[in-house]
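Residue numbers count from 1 along this sequence. Given the structure is predicted, the values throughout are model-derived calculations rather than measurements. First listed ligand is number 1; within each ligand, the first listed atom is number 1.
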Amino acid sequence: MDRLWYGGDYNPEQWPRDVWDDDVRLMRRAGVTVATVGVFSWAKLEPADGHFEFAWLDDILDRLHAGGIRVDLATATASPPPWLTLAHPDVLPVTADGVRLSVGSRQQYSPSSSTYRRYADRLVRTLAERYRDHPALEAWHVNNELACHIHHDYSDESALAFRVWLRSRYTTIENLNQVWGTAFWSQQYGSFDEVMPPRAAPTFQNPTQLLDYDRFSSDAWLAVYRAEAAILRELTPNTPITTNFMGFFKHADYWAWSRDVDFVSDDHYVDPADPAAPALAAMTRDLMRSLAGGKPWILMEQATSAVNWRTRNAPIPPGMHRLLSLQAVAHGADGIMQFQWRQSRAGAEKFHSAMLPHGGEHTRIFEQTVALGEELASLADIVGATQDAPVGIIADWDSWWALEQPATPAQLSYVRILLRWHQELRARGVVADLVRPDSDLTHYRAVIAPATVVLTEQAAGNLAEYARAGGTLVAAYQTGVLNEHLHVWLDGYLGGPTLRQVLGIRVEEFAPVAEPSLSGGPIPRLEIDGLAAGPADEWGEVIRVVDGTVEVHATFSGGMLDGLPAITRNPVGTGTAWYVGTAPENLGTVIAAVLDDAGIAGDRLPDGLEVIDRGPYRFALNFGTTEAELNGERIPARSASITSSDSRNALDTLDATAPALHHE
Ligand code: GLA
């Protein structure tokens, strides 16, 4: 399309026909360009086994087409109808405790169910055959938020599928025993038939079994996508296919998934009560651009105001929905879609906001809908523009799964750790990609590996080679503790000898910061001297310098770590390797030193302000609650200034009162 996508999920089956005319009229008024249709329509399309009713969908697609609105047509497989699971209870998913879930909600199927697959395949084939030549068809929307409610299924059918998956990975049971370390706690298996999913158990389960179940479950859901996509590719090879991702969603390794979609799309719901929400949104949008290999992506769902699924659902304050939409465009989105077009009158989501609220067209929210439609129409010349990022932050699902397992040195949040680094870059107007530990890193000026707890020998070598060949590498605590089997890298962690040599250090012992005691008594604080002087939280450790070239830039102060290195830097080859063994409050000084090493200019922007260039535009987004100033321009709270990126040279010549902003 030569316009930005703008619209939302459209669920006309929830409304009488006289409302449909009004829908198209108001969509046109709002500048809607695309509607996602049919996401939860299975029961309406196939009300009884093998009996299809398409007349209503024909009517809807024709109406939309007549109104000039393109259709992102869903395959309708997200919620099997009650008749299906009544006839085939084996389709229903089973929890780790052995409870078979019931109907009356959605996503009530196991990704491993062959019965589900058979019925879903038939529906997708029938739909594709009917609508492949419909003139409104813009894209296929496979299923919906795969794995969103059912992260893992523990049914017998999944147990069988898990064994097949394990057999193809390990070939022999001896190999599995070795990789899983089953000599521990008498867990040794005699054959694959003895292996179970990690169902509810008395205490800590085998860590590699847990990790493999995470990997298997992500693959099982991806297989659901692939099965549908294969049918669509066969029948409509020229229509692009997507499925909506869920941002930093732990249960689907989107690096693997992104290879299978024709374009990346994402659902993102900010928590209006969380001050860090815009920062998390920015990092998530960078992840989407990275998953798309730098190409544009679509924001497939967001809320216009409140959602219905938090304990208290605050509205999104005026101005914020526009800002978040522009932020997505600035980070590479070629479409801004919402859940949903018309707010439901009945059902579990009747209190979820929409583009057209319960109050109708004379409301704040509908005015907002119309205004955003106009603004996005005016930005059409951004469509297709790509972005270069000078910094890569490693994001790795194996590390995420491993870091957040039980029975580890501390319960840490992987996304929170990534966000701290990303936030510091964003605060300086420096764009970051998210990257895999084993991908080609050579085009980045700096690469940060925070808590990349799992490193294969090859990935550790990749990071080491990156630094030696001139890159600026930052490894931070809990990086390279384990290999891909979750076996410890002995003799100093850090991914083994190759990466250790580049960093010039060994890590000897972990010292996570204690949590408040039961008595509420004081807990020892962790303090840093030198670079990033001040308090640190979450993490300390015993670091030994083993190479004479290593510079110690910060030390711990007080307690058992007193005087030991906390932050080190090693000039190596033609590059630099930093190690950050703690979480300093003052992480900004570390970032500043790293950017300096990497030759990336980036001074701090005023609080709350995000500035980013894409294509012909420079977006200055003020998420703060007070006015911000950039190069003499005043940007009111919760508003944006969009200027031409042609003015970049003028803007980059900054005076002393305005913080500098430079891009590579
Ligand atoms: C998800 C789903 C939608 C809807 C929204 C509500 O994103 O895909 O169908 O349930 O959540 O926030």
Checklist entry - How would you list all residue pairs meeting ring-ring contact (aromatic ring centres under 6.0 Å, His included) that involve residues 278-299, not counting sequence neighbours? => result none
Checklist entry - Which residue pairs pass the salt bridge (charged side-chain N to carboxylate O under 4.0 Å, His left out) test when at least one of the two sits in residues 89-100, sequence neighbours left out? => result none
Checklist entry - Pairs in or reaching into residues 53-67: which pass salt bridge (charged side-chain N to carboxylate O under 4.0 Å, His left out), with residues at least two apart or in two chains? => result R17-D59, D21-R63, D58-R130, D59-R63
Item to check | Salt bridge flag under 4.0 Å for residues R614 and D334 | outcome: yes
Next on the checklist: If we count only N and O atoms by modelled type, under 3.5 Å, do the side chains of S378 and E374 hold a donor and an acceptor together?
Outcome noted: no
Checklist entry - Does the side chain of W140 pick up a donor-acceptor pair with the side chain of T236 at under 3.5 Å? => result yes
Next on the checklist: If the criterion is any heavy atom closer than 4.0 Å to an atom of ligand 1, which residues make the list?
Outcome noted: F40, R106, N144, E145, D267, Y269, E301, W309, F339, E349, H352
